[in-house]
Amino acid sequence: MFDIAWSTIKNRKGGFVAAFIAVVCGSAVITACGVLFVSGLLSGVAPERYAGATVMVGGRQTKDVKENFDPYYAERVTVPASVAEQISRVDGVEKVVRDHSVEMTLQKDDGSARGEPVPLEHPLYGHGWSSAALGPFELAEGAEPGGAGETVLDAGLARAAGVEVGDTVRLSVGTTPQDYKVAGLVDAPGGGLDRQSAAFFTDARAAGLSQRPDRLTAIGVLGEDGTDAGELAGRIEAAVTGTDVVAYTGDAIGDLEFLDVGQSRGFLVMLSASFGGTALGVVVFVVSSTLGLAIHQRRRELAMLRAVAATPRQVHKLIGSEVLLVAGAGAVLGAAPGFLVAGLLRDAFADVGVLPADFELSFNPLPAVAAVLLSVLGALLAGFIAARRIAKIKPVEALSESQVEKGELGRTRKAVALALLGLGLVTSIVLPLLIPGQLAIAGAGGSLLLLMVGSALISPVLVQTTTRLLTPLLMRSKVSGYLAAANSTANARRLSSAVVPLALGTAMALMQLSMLNTVEVTAKEQAATGVVSDYVVTSGTTGLSTDLAQKVRAVDGVGAVTPVARSQVLITYVEIDKPVSNPFSAQGLEPRDLDRTLDLDVREGSLDELRGDTVALSRIAADTARLDVGDTADVDLGDGTHKELKVVALYGKGLGFGDVTLPHGMLTEHTANQQDTALLVTGEDDGGGAGGKVESGLADLADGTPGLVVQSPEEFGAVEQGEFTQQSSTSLIANALLILYVLIAVVNTLVMATTGRSREFGMLRLIGTSKQQTRRMMFLESWVVILTAVVVGIAIAIPPAVGAALGTTGQPIPYVEPLAWGGIVVFVALLGWLSISLPTRSALRGRPIDAVYATE
C-alpha cells in the first residue's frame, strides 16, 4: 500500500504539496510552543553574587496548588533570621552568611539637596559586607566599610558613576537619601556583574536599611571541603523547622538571586500551555481543511478505485498511507524551524518586557518529538474524516458521485454544525452573563474555534447562499458571470475549502483586535476619571518612602493625601471542582479622605471599612472568585503571607486601578521595598489661593528630595497601564504567530484549489471560452469566496468580542476601531484575490489540450 501511496504522491504533487506545507508550518508552531514550555521548566540564569556559595537558602517563591499550576509570588519571600542558627548546626556547614538586600538609587554629590541621578544599566542593591564572601568578591582598592557612613562599591558601578575611593556618593532607599564615603572597591566574580550593581555596607547598616531587620533576603552556606552540595541541601531542608524554605544549588541558585527569572519561567509555562492548546486546535483545523480539499480534488480517481472493487478499508489504507508519508516528512522538516520560531518569540517577549533580555531557552529534543507525533496524529485523523464519505459509498454510485457534488449536506453534519454554533454562542455570550469573571472571558475567547468548526461544517450552504445573493450582479457579465454562478452553486464544497481558512484568519484578527482595544480603552477611561486629586506625586527612584506622606501633609494648603502602594496578590478559589490560585493586581490605600482623591466607582459596601483584615475587590475579581460583600477571601499577599480577609466593598474601576484593594499598611508591609508608588494630593477647599500654596510647597519639597516628581492627574498614567500594555503585547505576539500560520494556510489552500482546476480551464477553452472570459469567471468566483469568508469571519468574531466585553466591562458593546477593522477586511480581500488570480493566470499559460490530458 505504501508503494501505491508513494506513486500517487509523485504523480499528484500539487495537492500533496499544499498539505505538506500546512503540516510543516503546523509542526513548527507546535515545536515552538513546546520549546517555550520546556524552557519554563528547565531554563534559567547562572548566579552572580551568590556564585561562590555551596548552598543558598531562601523562602519558597511558589504557592503549592494541588492538581494545578503553582503560581509565583510577586514579592520576595524572606526568611526569618532565626533560621540561620538552625542551619549552622547542620553537619557539613562551615559558615553561614546572613544576607540583607535593599534596592537603592545612586546620585552624585553635586552640592544640592536633590543630587544628580546616575543612570545605571542594571538595578542597584545594597548588602551587608559579610555577604561579599558569597561571590566571592575580592577587595581591589581601599578597605572594607568601617562604619555606618561608609560603603564599598563594585568596580563596574564605580566606573559607571565616575567615582573613586575617598569620594562621597549619595545612595537613596526610596526618597530617603544618605551620603556615604567610598571606602573601597571590589572586583566581582567572573569579571563583573551582568544583571545588577552592588554596594556593600556594614552588616548593622544593611540590616538598618532593610525594612525588616528580623528577616533575611537569603542565607548563604559555605560547606566544608568535600561536602556534596546536593546532600547538604537535603540535610538543611530537613533540619529547618517552623518555616517553609528551599535550598538551592548550582545554577538553580540563579532563581533565588533573580526573582524575575523564576517568574519568567512560570509565565512561559502558563503561556505555552494555554497558547499551545489553541495552536494545536488551529493546526489540526487547518490541516484538516487542506487535506479535505486535496482528497476532494481526487474524488474521481478514488471513485474509480471503488468502481473496480476496492473496499472501503483499502481506500482508507491508501489515504492513510499517503497522509502518513506526507505528514511524517512535513512534521520532521517543520520541527527544526520550530526552534528558530521559539527564539524569535523569546526575543519578541523580551522586547516588550515580559522576559529578561538574557533569558536563555532550553533547546531540548522532546518538543520536536511531541510536535512530530501530534502533527502526524492530527493529519491522520483529518485524513480519515476527509476520506470517510468517499470510502463508504457503493461502487455503482462512485463514478456518478465523482462527477457532480452531492447537493444536500447530511443530517448528522447539519445537526453537529448547529450544535457547535449553539454551544459557541452560549460559551461566548450566555456564559459571561451567568458566570462572569476571568472564566467567562477565557470561554468567550475559546468559543471562536467552536463557531469556526460549526461554520465550516455548513460552509457549502453559506457559499450557495452568497452565490444566490450575488447572482444578479454576476449575471451582468453574461458568459463569465453565468459560469461563475453555475460553478459556485455546483461546487460549493470545493469553494468552501477555500472559504474556511480565509474566514478563520479574518475572525482571529478581528476578535483579537477588539478584545485588546476594549480592555485598553476601558482601562484608560477608568484611570482618567478615577483620579480626582489636584496633584499626583511620584518618583523616578525605587519608590516613595512611606514617611513622605506625612511631609506632604505638612505642606501649607494640603487638605488630603492618599498614599498608593502597588503589588500583586493571589486569590484562591474553586473553579470547576478544582482549587486555583490566580494572580491579581493589587493596591494599598488609606480610607481617610479617599473620596477627595480617588473614585473607584464603588458598587456595594464602603471603602471606609478598609481597615484591619479586610479587602475590596473589583467586579471582575469578585465574579471570578465568586465572592460578595461580607464573604471571606482566601488571599496570599505578595511575599506569600496568607490572609483570610473580609470583603467590605466591590468597585467597578478594576481595569484602571487594580482588581484588589487592601489596607495600605497591610500591603506595604509585605512588599520588598515597603514603599509607595504615588501620593494623591488634594488642596484645602477654602476657595482662597490654596492651590498656589500647595503647588509651591510641593515644588520646594521636590527640589530637596531625590527623584521626586509632581504631576497633574492628566499627566499621571495609572501604573496598571504598563501591565496592560505588556499583557496586550504578549497576547498580540502569540496570536500574531497563529494568524501568520492561518494566512500561510489561506494562500496555500487558495492556490491549491485554483491550480487543481487546470483541467476544467482547459475544457472551457476547448469549447470556445477565451482566456479573458476564464479569468473574469475566476475573478467573480473569487468575490464569492472573499465575501463569504469576510461575512462569516465577522459573524463569528462578534460573539466572542461581545462576551469578552461583558466579562471585562459589564457592557455588551465591544470597542471597534473602524479603520483597523476596515484595514483587516481589505487585507483579507486582497490576499484572497491574489491567491486566486495569480494561479489562474499561470494555469492558463499552456495549451488547453495539454491541460485536459495532463491530469488524467
Side-chain angles (χ1 to χ4, degrees), residues 14 292-293 296-300 303 399-409 458-503 746 749-792 828-856:
L293 178 58
H296 178 81
Q297 289 179 334
R298 295 175 55 207
R299 65 191 187 282
R300 187 169 185 271
L399 287 177
S400 61
E401 280 277 324
S402 71
Q403 298 300 315
V404 180
E405 288 186 353
K406 188 176 179 180
E408 287 292 325
L409 299 179
I458 59 169
S459 55
V461 176
L462 300 177
V463 171
Q464 290 173 340
T465 301
T466 305
T467 303
R468 283 196 296 270
L469 294 175
L470 292 178
T471 295
L473 295 175
L474 296 176
M475 293 304 292
R476 291 183 180 181
S477 177
K478 293 184 179 180
V479 175
S480 299
Y482 174 81
L483 291 173
N487 265 329
S488 299
T489 302
N491 296 295
R493 292 174 185 263
R494 180 188 65 201
L495 290 184
S496 68
S497 297
V499 166
V500 167
L502 200 60
V746 166
T749 304
L750 291 176
V751 170
M752 178 179 70
T754 305
T755 55
R757 298 173 65 182
S758 297
R759 184 171 182 270
E760 175 189 334
F761 296 158
M763 291 289 290
L764 287 173
R765 291 177 63 192
L766 287 177
I767 61 174
T769 307
S770 68
K771 282 186 178 183
Q772 184 177 0
Q773 289 172 327
T774 305
R775 285 196 295 266
R776 178 71 177 170
M777 176 193 75
M778 292 302 295
F779 172 77
L780 295 175
E781 276 192 42
S782 71
W783 280 107
V784 173
V785 171
I786 291 167
L787 289 175
T788 305
V790 168
V791 171
V792 171
V828 168
L830 183 62
L831 185 70
W833 176 70
L834 290 174
S835 299
I836 292 175
S837 64
L838 295 180
T840 299
R841 289 180 177 273
S842 176
L844 292 173
R845 286 176 183 168
R847 296 192 309 163
I849 193 67
D850 294 335
V852 170
Y853 289 103
T855 55
E856 285 294 331

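- Nearest heavy atom pair, residue Ile836 against residue Pro839, reads O-CD, 3.4 Å.
- Taking the side chain as every heavy atom from C-beta outward, Thr774 and Leu844 approach each other to under 4.5 Å.
- Residue Met475 comes nearest to Tyr482 through the heavy atom pair SD-CA, 3.7 Å, listed as atom of the first residue, atom of the second, then distance.
- Considering CG of Leu830 and CG of Leu834, their distance stands at 4.5 Å, rounded to 0.5 Å.
- With Ser480 contributing its side chain and Gln773 its backbone, the two residues share a donor-acceptor pair below 3.5 Å.
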Show me the side-chain donor-acceptor pairs of residues 779-788 shorter than 3.5 Å, one per line, residues at least two apart or across chains.
from	atom 1	to	atom 2	distance (Å)
Glu781	OE1	Arg757	NH1	2.7
Glu781	OE1	Arg757	NH2	3.4
Glu781	OE2	Asn487	ND2	3.3
Glu781	OE2	Arg757	NH2	3.0
Ser782	OG	Phe779	O	2.5
Thr788	OG1	Thr466	OG1	2.9
Thr788	OG1	Val784	O	2.6

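- Summarising the geometry, atom CE belonging to Met763 is positioned 10.5 Å from atom OG1 belonging to Thr769; distances are rounded to the nearest 0.5 Å.
- Residues Ala485 and Thr471 share a closest heavy-atom pair of CB-OG1, 4.3 Å.
- Atom CG of Leu474 and atom OG of Ser488 lie 7.0 Å apart (nearest 0.5 Å).
- Here the side chains of Leu764 and Met777 are in contact, with some heavy-atom distance below 4.5 Å.
- The two residues Ser459 and Val500 make their nearest non-hydrogen contact at OG-CG2, 4.0 Å.
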